Amino acid sequence: MAYTKIICGKLYDGIQDALQENMEILINGKYIEAVGRNVEAPEGCEVIDLSHLTVTPGMIDAHVHASYFDWREIANDPIFYSDGMRCLAAAECARKALAGGFTTIRHIGWFQEDYSLDVKRAIDAGYIEGARMIAAPHFICAPGSHGDSTQKIATNPRLSRFLETHYPTMGSGAEFFRDAVRHEVKIGADFIKIMATGGFFTPNDSPEDKQLSDDELQAIIDTAHSLHTTVTAHAYTTELVTTLANMGIDGIEHASLIDEPTARLLEEKDVYVVPTFCPYDEIVLLDEEKLAQKSPEFQRKLRYYRDNLVRSREILKNSKIRLGYGTDLVVGYQNYECGREYSAWLRNGMDPFRTLKAATAVNAEILGLSDVLGTIEPGKLADIAAWPRDLLHDDKALLDCAFVMKEGRQSAVHSIISDYEE
Ligand SMILES: [Zn+2]
């Protein structure tokens, strides 16, 4: 096996809330063999000197929609991309995420057939280079829901109905959803994603809608669990999040409109939350220029719910809920700009170590990969990134990657921030 030793400037290991000095990492093939000061290297060992950088585990983004090249094209969905183009887009997102220091992304579905499982398999087999993908290709959802892209063409009932029938996990009734979950697991979905309520991004629904009935939700959760698959749901409000937590769901995406008692319930039941601060940051921190990039409906909803969004963000921030790190970038920034959420967390006053832990150890747990990922310690896969900026004070730090390695193999890097000349 080929040995590599990395000399770290500073090291965040995903375990301690500290940046350790004078640390070294010994890698044997795909795996980390030793971590410490003055680690003994076998003869012929390659040495990588990162003494000018802060070294971390390869970062993990738990909420990525990988299925398009450029967010400006989403307005033309669902009819703009061919299947081939969509598959290429997912592959390109994974490649660029890796180049930005994110060695794993959780692809959380798209409105059309997206071939994310094919991209995942091609990456795992080494045919193409990219971040490791953990994927739920299809939203489990009802017609007219946040997961239904044909909302946009609802004025053409025949066409929208035709396209609906081509989305295998959209339907109604507990039996339908049991079947849908079984098929998702059969084709290789790593987890199940429910679109349980309306959203901000879709034009004709509300974040307060309940788009699936209790028996449908329970059928989805129970079927997935009986197949040893976890379930997360797009959900915002106190009422729906409480219902889902009591039904035994594993995670919630967003939870952006919850109250204090709901936060306590999530803590008690150890339901993780991926709060995705990014898409709501412009309204919470009032950035009118970025807000203007969103559709009129998106802006109207954000303004309407602003007070509630601000209040719930404080509740999430001050809670002990297991918070994961996920960007959910569909407007204003590209889907592979995974470091954006770091900026959002720090600008909202989150502790940088909690943020770093969310993007490493906590996310590895959420993805069910904590035995191999999320920390730098012997026995883990050698997924490693390194950064020139001050991680504790510079909110742009994770947009400026200078080194990345996945399973012991170094890849080309790209600094996202250089695209913006910030
Ligand atoms: Zn999303």
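This one's a predicted model, so the numbers in the text were calculated from it and none came from an experiment. Start at 1 and go down the list; that is how both ligands and their atoms are numbered. Along the sequence shown, residues are numbered consecutively beginning with 1.
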* Asked: Do any of the N, O or S atoms of Asp328 sit under 2.8 Å from the Zn ion (ligand 1)?
  -> yes
* the Zn ion (ligand 1) to His65: any N/O/S contact under 2.8 Å? -> yes
* **Any donor-acceptor N or O pair under 3.5 Å, side chains Glu113, His166** => no
* Asked: Is it true that the NZ or CZ of Arg340 lies under 6.0 Å from the centre of Tyr333's six-membered ring and within 45 degrees of the ring axis?
  -> yes
* Does the shortest distance from the Zn ion (ligand 1) to an N/O/S atom of His234 fall below 2.8 Å? -> no
* **Polar side chain donor-acceptor pair, Thr375 to Glu377, under 3.5 angstrom** => yes
* Cation-pi check, Arg106 to Phe191: give yes when NZ or CZ is under 6.0 Å from the six-membered ring centre and within 45° of the ring axis, no otherwise. => yes
